[in-house]
Amino acid sequence: MTENNTTIAVLGTGIMGAAMARNLLAAGMEVRVWNRTREKAEPLADDGAKVADSPAEAAEGADFVLTMLADADTVAEAVEGGDALSALAEDSVWLQTSTVGIQGHERLAGIADGYGVAYIDVPVLGTKEPAEQGQLIVLASGPEEVRERCQPIFDAIGSATFWLGPAGAGTRLKLVTNTWIVGILGVLAETVSLAEGLGVDPARFLEVIEGGPLGLPYAQMKGQMMIEEEFPTSFSANLARKDASLVLDAAEANGLHLSLIEAAAAHFDEAINAGHGEEDMAAVYKAVKPEG
Ligand SMILES: NC(=O)c1ccc[n+]([C@@H]2O[C@H](COP(=O)([O-])OP(=O)(O)OC[C@H]3O[C@@H](n4cnc5c(N)ncnc54)[C@H](OP(=O)(O)O)[C@@H]3O)[C@@H](O)[C@H]2O)c1
């Protein structure tokens, strides 16, 4: 472990936040963690993190606060209600990595402004395993002046950083990539379902596309989960549904009608209503699985 003088508060130690905190610790930073359910943050103490009882305690005098919480409401509650922003050191920076959509981003940027805290809109691409391996793709946007200070943090959590311009650009690109992800999952679920319905072994489908231009590694991974009907969570169906809503809201606000994403969102609703919300997003298959 290298030594580093940076102190960073990580608010949210779910699947992504816990993995990111571990990589920040491995990079030698002082990491304080807070999570609503404290027990989920406590294992990070073994890696050297200080576990705080409140967002304010985690952020007290810190150089950075990094939010990795479910949605915009949760983030706003932690940084404002939880007094995290007012507790930060002077000239500190807020790295907002949760996926919150355009309205969420605007709301959070407004809160940062009110506290005079520099705000980086920085959603990430990649799921549980890339987060654990420090291999996320970092979609950074915000003021140029703090870019250099943020880079060691992004290097610790990610394998590549794209600086995209003023805050908001990261969120817009994230919505575009989420359109792709939600769409793939919906089509993949229907493809596996049709294979089952036709008496075609869906493993054969994955086999014939593997390695060629159609054979996304992502399709192999999620397709296998659908075939086995085992859905250990890398990214929950609940949060994928939230992301579908953020995409649809952004589309509507720009006069677009994304009927494929609407259909995928309806499949997610069905899977969630059947009790699969906390399972991996591949559980969307449950909505389209052939009867019997
Ligand atoms: N997993 C992925 O593949 C992935 C990839 C890129 C981006 N993201 C985005 O990253 C964010 C976090 O995702 P994740 O997969 O890490 O989710 P997760 O494991 O479900 O963690 C969610 C976090 O939000 C907290 N939370 C939820 N509702 C809350 C509330 N009402 N009040 C306070 N805290 C609350 C949870 O606290 P508790 O532990 O107390 O429930 C936990 O810290 C989301 O915006 C997601 O869309 C996820």
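For ligands, and for the atoms within them, numbers begin at 1 and follow the listed sequence. In what follows, every heavy atom counts, from backbone to side chain, and hydrogens, waters and symmetry copies are set aside.
- More than 12 heavy atoms of other residues, nucleotides or ligands sit less than 6.0 Å from atom CD of E262.
- Around atom CD of E148, no more than 12 heavy atoms belonging to other residues, nucleotides or ligands sit under 6.0 Å away.
- Every residue two or more places apart in sequence or in another chain that forms a salt bridge (charged side-chain N to carboxylate O under 4.0 Å, His left out) with E144 is listed here: R147.
- Other residues sharing a hydrophobic cluster with V187 under the 4.5 Å side-chain heavy-atom criterion for ILVMFWY residues do not exist; the residue is a singleton.
- For E229, the CD atom is densely surrounded, since the number of other residues' heavy atoms within 6.0 Å is greater than 12.
- Residue-level contacts of ligand 1 at the 4.0 Å heavy-atom threshold are G12, T13, G14, I15, M16, N35, R36, T37, K40, M68, L69, A70, T74, S98, T99, V124, G126, T127, K174, S234, F235, L239, K242, D243.
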Residues 110-122, side-chain donor-acceptor partners within the protein, below 3.5 Å, at least two apart:
unit_1 : atom_1 : unit_2 : atom_2 : d
Y119   : OH     : H105   : ND1    : 3.4
D121   : OD1    : T171   : OG1    : 2.6
D121   : OD2    : S141   : OG     : 3.0
D121   : OD2    : G168   : N      : 2.9
D121   : OD2    : G170   : N      : 3.3
D121   : OD2    : T171   : N      : 2.9
D121   : OD2    : T171   : OG1    : 3.4

